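Take a look at the structure set out below.
What you see is a predicted model, and the numbers here were worked out from it, not measured in a lab.
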Amino acid sequence: MSRTFDIFPEGRQFRPDGRCRLVARYERRDGTRVADTGELWYEFEAWPEALDAADADPFLMLTLPMAMEEARELRVDGAVSRSLLANLSDFRDYWCGIAPLRYRPVGFAASLCRDDAGDHPRPGAVALFSGGVDAAFTYWRHRHGLAGAATQTLRQGVFVDGFDRASFLRRDGT
C-alpha cells in the first residue's frame, strides 16, 4: 500500500488585520484512502518581495521531516526549485543516517521543477532554528567564516517550533 503526504499550494491570502499568509492544503493518504487533511501556512507582517506566491519550496521543507518519520512519499502539486530537490536529498540522507530508527528514506517529487541554475544567487542565506544548539552552531560557524567554501552570509533566521521532533501537525499530540 502506498503511503503519501500530498501538498497542494494555494498561494497567498491577505487577512483583515493586514497580515498575509502563504497557504497550502495537505492530505495524508494510505493507498486510496485519505487518512488526514489540513492546512499549512506561513504568516508575514507584510508580503516579502522576494517570495513568489506560486513557490512551493517552503512547504516541501516544512513537511519532509514528518514524511520521513511517517514513511510517506512526499508529493507537491506545484513548482519546486531543482536545487532544493538536490539539497533535500542530502538533508534526508543525513537524518536517515544518524537516526535510522526514527527517519526513513522517502522519495519526494513535484509536479513542476523550476530550473534555478541560471538564477542570480541571493546575497546570503537563511538558517532554521528550533531552539537547539545545532542552529546556534550553524550561525556561529558561518558568522566567523569557519564553513570553508560553504560559508554564507546569514541574513535571516526562521524559528520553527518542533522542527526537531516533526510532530506539530499530529492531532494526537504525540
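Rounding to the nearest 0.5 Å gives a distance of 10.0 Å between CG of Leu154 and CZ of Arg141. Note that NE2 of His144 is 7.0 Å distant from OH of Tyr139, once rounded to the nearest 0.5 Å. Here the CG atom belonging to Asp93 is positioned 10.5 Å from the CG atom belonging to Leu88, to the nearest 0.5 angstrom. The CZ atom of Arg3 sits 9.5 Å away from atom CZ of Arg33, with the distance rounded to the nearest 0.5 Å. To the nearest 0.5 Å, atoms OG1 (Thr63) and CG (Leu40) are separated by 6.5 Å.
Annotation: Arg19, atom CZ; neighbour count of heavy atoms from other residues, nucleotides and ligands within 6.0 Å is above 12.
Contact annotation: the side chain of Val76 never approaches that of Asp57 to less than 4.5 Å [non-hydrogen atoms, C-beta and beyond]. Met61 places none of its side-chain heavy atoms less than 4.5 Å from the side chain of Phe91. Side chains of Tyr42 and Leu62 form a contact here, defined as non-hydrogen atoms less than 4.5 Å apart. Side-chain contact between Phe59 and Leu22 is present, with heavy atoms from C-beta onward closer than 4.5 Å. Within the 4.5 Å cutoff, no side-chain heavy atoms of Glu10 are placed close to those of Phe8. Here the side chains of Leu84 and Arg114 are not in contact, with every heavy-atom distance at 4.5 Å or above. Taking the side chain as every heavy atom from C-beta outward, Leu51 and Phe44 approach each other to under 4.5 Å. Between Gln13 and Trp41 the shortest side-chain heavy-atom distance does not fall below 4.5 Å.
Linking Ile, Leu, Val, Met, Phe, Trp and Tyr whenever their side-chain heavy atoms come within less than 4.5 Å puts Tyr94 and Leu85 in one cluster.
Heavy atoms only, all atoms of each residue included: Gly78 and Ser111 are closest at N-OG, 2.9 Å. Among all heavy-atom pairs drawn from Cys96 and Pro105, the shortest one is SG-N, 3.2 Å. Minimum heavy-atom separation, Leu60 to Val80: CD2-CG1, 3.7 Å. Residues Arg92 and Gly107 share a closest heavy-atom pair of NH1-CA, 4.4 Å. Cys20 and Trp47 get closest at one heavy-atom pair: SG-N, 3.3 Å. Nearest heavy atom pair, residue Arg102 against residue Arg104, reads O-NH1, 2.7 Å.
Ring geometry for Tyr26 against Phe5 counts as parallel: the plane angle stays under 30°, on a 0 to 90° scale with 60° as the upper cut.
Every pair passing salt bridge (Lys or Arg N to Asp or Glu O under 4.0 Å) that includes a residue from residues 72-86 is listed here, sequence neighbours excluded: Asp6-Arg75, Asp30-Arg72, Glu70-Arg72.
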